[in-house]
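Each ligand, and each atom within it, is numbered from 1 in the order the structure gives.
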Amino acid sequence: MDMEFLNAEDRELVTKLIDAGQQHLFADWDVPGTEDEAKAAFLASLSKIDGSYPGGLVGYVSNARKLLSEAKAGGNPFEGFVPHHPNMVDLTTFDTTYDHYEALGQRQFGKVGVVLVAGGLGERLGYNGIKLDIPVEVVETTPYLAHYAACLKAMEARMEAPCPVPFIIMVSQDTAAKTLTTLEDNDYFGLKKEQIHILKQELVPAISNNDGTLALKKKYELILKPHGHGDIHMLFHTSGLAAKLAREGIEYLLFIQDTNGQVFNAMPAALGVSVEKGYDFNSIAVNRIPSEAVGGLVKLVRDGKELTLNVEYNQLDPLLRATISPEGDVPNERGFSMFPGNINVLVIRMESYVRILEKSQGIIAEFVNPKYADATRATFKKPTRLETMMQDLPKLFGPDEKVGVSIFDRRWSFSANKNNISDAAAKNEAGSPPESAATAESDFYLAGRMRLAAAGATVGEAAKELILGVPLIPGPKVLLRPAFAMTLAEAREKISGGSITGEATLILDGKDIVLEDVELSGRSGLVIKACDGAKVTVKGAFSNGGFELVRLTEEELASDAVPEYLRIRGYRFKNRGAVAYEFDQPGDYVVEAKTVAD
Ligand code: UTP
């Protein structure tokens, strides 16, 4: 190529890359005057990647060579380590310990930032749009992003000196534009624009061989691939945002995923655990069934040094067989694995986070997973790339950083919407969690029922239904919005007695609603919404047509006229006369069921 026509910056970049063994990128270039636009675009893309990766493209190639040579050698990453139970707190039952940690956590709300990683494509779900736009429930149709925003506002309302909770959203090329549009179109869901920080992850170049050769799609165009959700750490560092939030008094970051409507149920208690136990890194986890495709959280000990890590499920069984359990990952007396399951919800202490980011430049334990053409591991079936996962941060921890685990009831803390209906049905058939739109919605109502039951109300569940092979419990559908209650203690304060059974629906949204012996049975529905300052006491037995579950017909399932968020579930709810009260002026109100038929 003719370097004379390049500007000084491009010349420097090209020279650097040639020195790093990437001369093929510039071989066969057309003479000046031919394909100049394509060349300029190519140089611009190289320069963008060079600027976004710490250490630039040369650093990326050098990291790739090192990791590829280790992968080729095929060493055991856990050589010499003996697995132990991690430090953990069991919060699977709602007891006094749970209350203690929730109360402690709630007092920290003013020192927490919430980090949503939302750069994933969602290929398994196959939804035409961003996952954050999908409603978590379709009685009132609340998108995930609206639900998360409501949780942040509810946290703010519970602070002694209310201030907006920083909300950090990581997007990617695949999700950036739609996420911004959704935020703007919905007036930031009631949040302040300034409390939202958008970080955008970039794609990284694919690599075609063990020498770290960058792969070309065609002349003047690299193959680019996602780098994984671990990019959040790099972006926190390169943007300076972690250090800035730390200076502003943020002491903890809660990391959440795009479609887990349950996450804020566990958040207050998990935060309390982080504070009391002094955990720098606290994984919100669940009991794990042996052999299920969920990573296990394991304390690995070697030469007196310990490291608590997520061990991928395919590595866990061999590690156990080679060390403490010749039978592998066998169930304990309760049927669970010896090691809790990672659901990738993390509470990270800011002070240690900023320190680790400084030390690592935010590059968190990259790994490479090439598919080799044969046993010689000399060539790949297709280009690979470096990846990084947010849960691997503790790989950079030293003896001073404390890692722990908080175990929660699974469906209280985690129920994602990751799979399309047919894959979800197949998973259900195989006995695995379907993790679909319908099961996520079903669990969203379950969490409401769990709060009601914890507050002493009688709860009777409807029978499970299978819709297109995916299980759904159609009621009672209980939506206790975050404004109403964020902790069990709050639910207990506001609810006394009463019962809810069958396919009934109860929706409460507002800080000062109180339920006294409210009864809902059959399919009856009751919706109460109260603005700040509206104190509403609700009493009696309500009876009406409520919300009916209606399955979509074959034609509807195939029709573009039916919203896709319904088609990924296979049903909708029809309002058949649920009673609704909305109070938009402060004051004292009583809602009392007058007669059997409202
Ligand atoms: P998922 O496991 O749900 O992956 O990611 P995905 O990429 O979204 O979906 P599939 O695998 O294509 O079906 C867990 C979380 O990590 C985010 C996702 O948005 C989700 O919240 N993520 C994933 C990123 O932010 N960036 C990535 O590069 C990958």
- One finds that the ligand 1 atoms under 4.0 Å from a non-hydrogen atom of D258 are 18 (C), 19 (O), 20 (C), 21 (O)
- Note on the structure: In this structure, atom 12 (O) of ligand 1 is nearest to the protein heavy atom E123 N, 2.8 Å
- Message: Would G119 count as a polar contact of ligand 1, with the cut-off being nitrogen or oxygen pairs under 3.5 Å?
- Response: yes
- From W412 atom CH2 to R451 atom CZ, the distance as rounded to the nearest 0.5 Å: 3.5 Å
- Message: Test your reading of the model: is there a side-chain donor-acceptor pair from H233 to the backbone of L357, 3.5 Å cut-off?
- Response: no
- Nearest-neighbour protein heavy atom for atom 16 (O) of ligand 1, which is reported as residue plus atom name and distance: H229 CD2, 3.2 Å
- Query: Counting from 1, what ligand 1 atoms have a heavy atom of A118 closer than 4.0 Å?
  - Reply: 19 (O), 25 (O)
- Message: Pairing donors with acceptors under 3.5 angstrom, does anything connect the side chains of E366 and H227?
- Response: yes
- Task: Report, in ascending order of atom number, the atoms of ligand 1 lying under 4.0 Å from any heavy atom of Q201.
- Result: 24 (C), 25 (O), 26 (N), 27 (C), 28 (O)
- Message: Quick check on K277: does its NZ atom have over 12 non-hydrogen neighbours (other residues, nucleotides or ligands) under 6.0 Å away?
- Response: no
- Query: Looking only at heavy atoms of K131, does any of them come nearer than 4.0 Å to an atom of ligand 1?
  - Reply: yes
- Item | Residue-ligand contact G228/ligand 1, heavy atom below 4.0 Å | yes
- State, without any angle test, whether D90 and T92 hold a side-chain donor-acceptor pair at a distance under 3.5 Å. yes
- Query: Counting distance only, does the side-chain N/O of S172 pair as donor-acceptor with the main-chain N or O of D174 below 3.5 Å?
  - Reply: yes
- Item | Pair R158, T487: side-chain N/O donor-acceptor within cut-off below 3.5 Å | no
- Item | Proximity to ligand 1 by part of H227, non-hydrogen separation under 4.0 Å | neither
- Message: Among all the protein's non-hydrogen atoms, which is closest to atom 3 (O) of ligand 1, and how far away is it?
- Response: K418 NZ, 2.8 Å
- Does an N or O anywhere in Q257 fall below 3.5 Å from an N or O of ligand 1? no
- atom 22 (N) of ligand 1: which protein heavy atom is closest, and how many Å away? G120 N, 3.5 Å
- Message: So if I count the atoms of ligand 1 from 1 in the order they appear, which ones are less than 4.0 Å from some heavy atom of L121?
- Response: 7 (O), 8 (O)
- Do H147 and F444 make the cut of ring centroids closer than 6.0 angstrom? yes
- Task: Hey, can you tell me if F255 and F236 have their rings parallel, tilted or perpendicular (30° and 60° cut-offs)?
- Result: perpendicular
- Note on the structure: Filtering S172, G122, P226, G126 for the heavy atom nearest atom 9 (O) of ligand 1 leaves G122
- Using the side-chain hydrogen bond (donor to acceptor under 3.5 Å, both in side chains) rule, take E435 and N419 through it: C-alpha gap first, then chi angles, then the decisive distance, then the call. CA-CA 6 Å; E435 297 188 346; N419 299 305; 4.5 Å; no
- Any nitrogen or oxygen of V117, main chain or side chain, under 3.5 Å from a nitrogen or oxygen of ligand 1? yes
- Among protein heavy atoms, which lies nearest atom 2 (O) of ligand 1, and at what distance? R124 NH2, 3.0 Å
